[in-house]
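Data first, discussion second: the structure below is written as structure tokens.
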Amino acid sequence: MAEEPKNGDAVGSGVGGREAEEEQVVNPWEVTAKDGGKIDYDKLIEKFGCQRLEEPLVRRVERLTGRHAHVFLRRGVFFAHRDFNEILDVYERGEKFYLYTGRGPSSEALHFGHLVPFMFTKYLQDAFKVPLVIQLTDDEKCMWKNLTVEESKRLARENAKDIIACGFDITRTFIFSDFNYVGGAFYENMVKVAKCVTFNKVVGIFGFTNEDHIGKISFPPVQAVPSFPSSFPHLFSGKDNLRCLIPCAIDQDPYFRMTRDVAPRIGYQKPALIESSFFPALQGETGKMSASDPNSAIYVTDSSKDIKNKVNRYAFSGGQDSIENHRKYGANLEVDIPVKYLGFFLEDDAELDHIRKEYGAGRMLTGEVKKRLIEVLSELVERHQRARASVTDEMVDAFMAVRPLPHMFS
């Protein structure tokens with residue numbers, strides 16, 4: 001019989017799958033709200049059984065690391081967690097942990113929504129000086145997107161270049177693709193996890209149907225076991241109790257609810273999670289960023305001209321329908337995408353507060369806010385493109401080489 005979920009891990013309640021009258025569906029493959037509305041994150045926290053990341057934890061991170069909290073942390077982009085406080089306890093005792101995040105390589109280029117977890121993970125690696133494993137689930141995308149094995153592997157390497165361009169420390173970072181790495185101790189842990197999860201439970205967690213092929217049903221252990229240090233004997237030999245922290249978007253939570261349920265039953269520590277909200281599409285929070293609609297997102301391959309055109313033409317505005325009404329009523333900041341994007345990427349808190357105040361009061365116009373966003377995004381993309389251009393195939397090989405990490409905990 002499965003262990004009862006502890007510490008808020010709601011495992012067997014169908015929370016990741018579809019239910020007939022669900023107001024919102026949030027799982028690794030689908031994020032939808034009822035009647036095209038916004039995702040209710042408070043309901044999601046309650047349903048998933050995780051905890052809201054409160055201000056005292058943010059202040060504690062600043063105290064322990066001796067640096068200003070990342071913009072994603074202090075502005076609530078990463079808003080929920082599981083046992084993050086325990087990771088901070090471990091660090092405060094002078095012990096270490098490791099980071100684990102990943103990417104499903106299904107497209108040639110990444111958009112800003114894809115970059116959010118990597119930007120935040122780099123901050124965590126730099127602040128805590130800990131090792132990091134990055135999983136490229138090329139096998140998953142081969143099964144879900146109907147890509148060939150060869151194309152999935154090629155996209156994994158291309159995406160690895162964008163990930164490396166985020167600035168990760170090669171002496172503390174191991175990037176691996178499932179097609180190339182799975183085997184040995186990693187596969188042994190997959191089998192251990194698979195034996196603990198019944199078909200009924202995996203259907204309840206992920207919402208699989210009778211039409212899904214068995215590759216999908218058997219995949220979850222592949223994403224689960226990087227949470228366990230013994231899956232990486234070349235990195236963590238003899239450190240089976242090393243804790244793992246996973247920064248990810250909250251749609252990945254079903255994988256790790258399953259993992260946390262299984263971990264104590266096979267003698268491992270539960271991974272901790274720190275989870276982000278979703279990055280909105282240009283057309284608004286009810287829209288969806290889609291590779292089939294290049295105007296729904298800003299891509300790291302976009303030119304400054306592309307960015308200017310997309311923001312001016314497609315970024316949903318909360319401004320009024322005339323200057324007169326805008327001066328009178330001000331902008332609706334709750335729906336305004338340029339302001340939301342600035343909340344992610346404008347580093348200066350005082351400037352952001354000024355924009356929100358002036359725009360909300362109608363003293364600043366939509367065109368002025370969009371102009372500032374275009375500047376911020378163009379600078380970020382240009383910086384990323386310069387870094388990406390310097391990433392060679394040899395650098396990718398070096399990050400993906402199975403090797404000890406020389407400065408792993410130093």
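What you are looking at is a predicted structure, and each value in this text was computed from that prediction instead of being measured.
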Inter-residue atom distance [X].[atom1] - [Y].[atom2], 0.5 Å rounding:
X: Glu351; Y: Ile355; atom1: CD; atom2: CD1; value: 4.5 Å
X: Thr301; Y: Ile298; atom1: OG1; atom2: CD1; value: 10.5 Å
X: Leu155; Y: Thr148; atom1: CG; atom2: OG1; value: 8.5 Å
X: Leu124; Y: Phe72; atom1: CG; atom2: CZ; value: 11.0 Å
X: Ile274; Y: Ile250; atom1: CD1; atom2: CD1; value: 11.5 Å
X: Leu273; Y: Cys244; atom1: CG; atom2: SG; value: 8.0 Å

Is [Y] close to [X] at the side-chain level, that is, under 4.5 Å between some pair of heavy atoms?
X: Pro338; Y: Thr366; value: no
X: Ser317; Y: Asp336; value: yes
X: Leu115; Y: Leu380; value: no
X: Glu86; Y: Lys270; value: no
X: Gln125; Y: Thr173; value: yes
X: His114; Y: Asn159; value: no
X: Ser276; Y: Pro117; value: no
X: Val116; Y: Phe78; value: yes

Please find the pair of heavy atoms, one from [X] and one from [Y], that lie closest to each other, and give the distance.
X: Met408; Y: Leu235; value: CE-O, 3.2 Å
X: Phe186; Y: Val222; value: CZ-O, 3.7 Å
X: Thr101; Y: Pro247; value: OG1-O, 2.9 Å
X: Pro271; Y: Ile246; value: CB-CD1, 3.7 Å
X: Val339; Y: Leu333; value: CG2-CD2, 4.1 Å
X: Ala69; Y: Glu62; value: N-OE2, 2.8 Å

[Y] backbone acceptor or donor facing [X] side chain under 3.5 Å:
X: Ser106; Y: Lys141; value: no
X: Lys161; Y: Val396; value: no
X: His326; Y: Met364; value: yes
X: Lys370; Y: Asn312; value: yes
X: Gln320; Y: Gly330; value: yes
X: Glu368; Y: Leu365; value: yes
X: Ser218; Y: Gly215; value: yes
X: Arg75; Y: Gly343; value: yes
X: Tyr341; Y: Pro280; value: yes
X: Gln385; Y: Val300; value: yes

Are [X] and [Y] an aromatic pair by the rule of ring centers under 6.0 Å?
X: Phe232; Y: Phe176; result: yes
X: Phe279; Y: Phe345; result: yes
X: Tyr181; Y: Phe174; result: yes
X: Tyr98; Y: Tyr100; result: no

Are [X] and [Y] ion-paired here, with the side-chain N under 4.0 Å from a carboxylate O?
X: Glu188; Y: Lys192; answer: no
X: Lys43; Y: Glu46; answer: no
X: Asp83; Y: Arg260; answer: yes
X: Lys340; Y: Glu285; answer: yes
X: Glu158; Y: Arg388; answer: yes
X: Lys153; Y: Asp178; answer: no
X: Arg82; Y: Asp253; answer: yes
X: Lys122; Y: Asp126; answer: yes
X: Arg60; Y: Asp89; answer: yes
X: Glu92; Y: Arg63; answer: yes

Do Met190 and Val193 pass the side chain to side chain contact (heavy atoms under 4.5 Å, CB included) test, and can you show the C-alpha distance, the side-chain angles, and the key distance before you say yes or no? CA-CA 5 Å; Met190 284 170 50; Val193 170; 5.9 Å; no
Considering residues, nucleotides and ligands other than [X], do more than 12 of their heavy atoms fall under 6.0 Å from its [atom1]?
X: Asn146; atom1: CG; answer: no
X: Lys38; atom1: NZ; answer: yes
X: Lys96; atom1: NZ; answer: yes
X: Tyr187; atom1: OH; answer: no
X: Glu375; atom1: CD; answer: yes

Please, which pairs that meet salt bridge (charged side-chain N to carboxylate O under 4.0 Å, His left out) have at least one residue in residues 100-121, sequence neighbours excluded?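 Found Glu108-Arg154.
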Can you tell me which residue pairs pass the salt bridge (charged side-chain N to carboxylate O under 4.0 Å, His left out) test with a partner in residues 216-233, sequence neighbours excluded?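 Checked against salt bridge (charged side-chain N to carboxylate O under 4.0 Å, His left out) - neighbours excluded - the pairs reaching residues 216-233 are Asp212-Lys216.
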Under the ring pair (Phe, Tyr, Trp, His ring centres under 6.0 Å) rule, what pairs show up with a residue in residues 125-150, not counting sequence neighbours?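 Every ring pair (Phe, Tyr, Trp, His ring centres under 6.0 Å) pair that includes a residue of residues 125-150, provided the two are not neighbours, is Trp29-Trp144, Tyr91-Phe128, Phe97-Phe128, Trp144-Phe219.
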Let me see the working for Leu405 and Arg403 under side chain to side chain contact (heavy atoms under 4.5 Å, CB included), right down to the final yes or no. CA-CA 6 Å; Leu405 298 177; Arg403 74 222 185 267; 3.5 Å; yes
Steps toward side chain to side chain contact (heavy atoms under 4.5 Å, CB included) verdict (Lys310, Leu377): CA-CA 11 Å; Lys310 287 183 178 183; Leu377 294 181; over 6 Å; no
Strictly by modelled atom types, are [X] and [Y] linked by a side-chain donor-acceptor pair under 3.5 Å?
X: Ser227; Y: Thr259; value: no
X: Asp302; Y: His111; value: no
X: Thr137; Y: Gln223; value: no

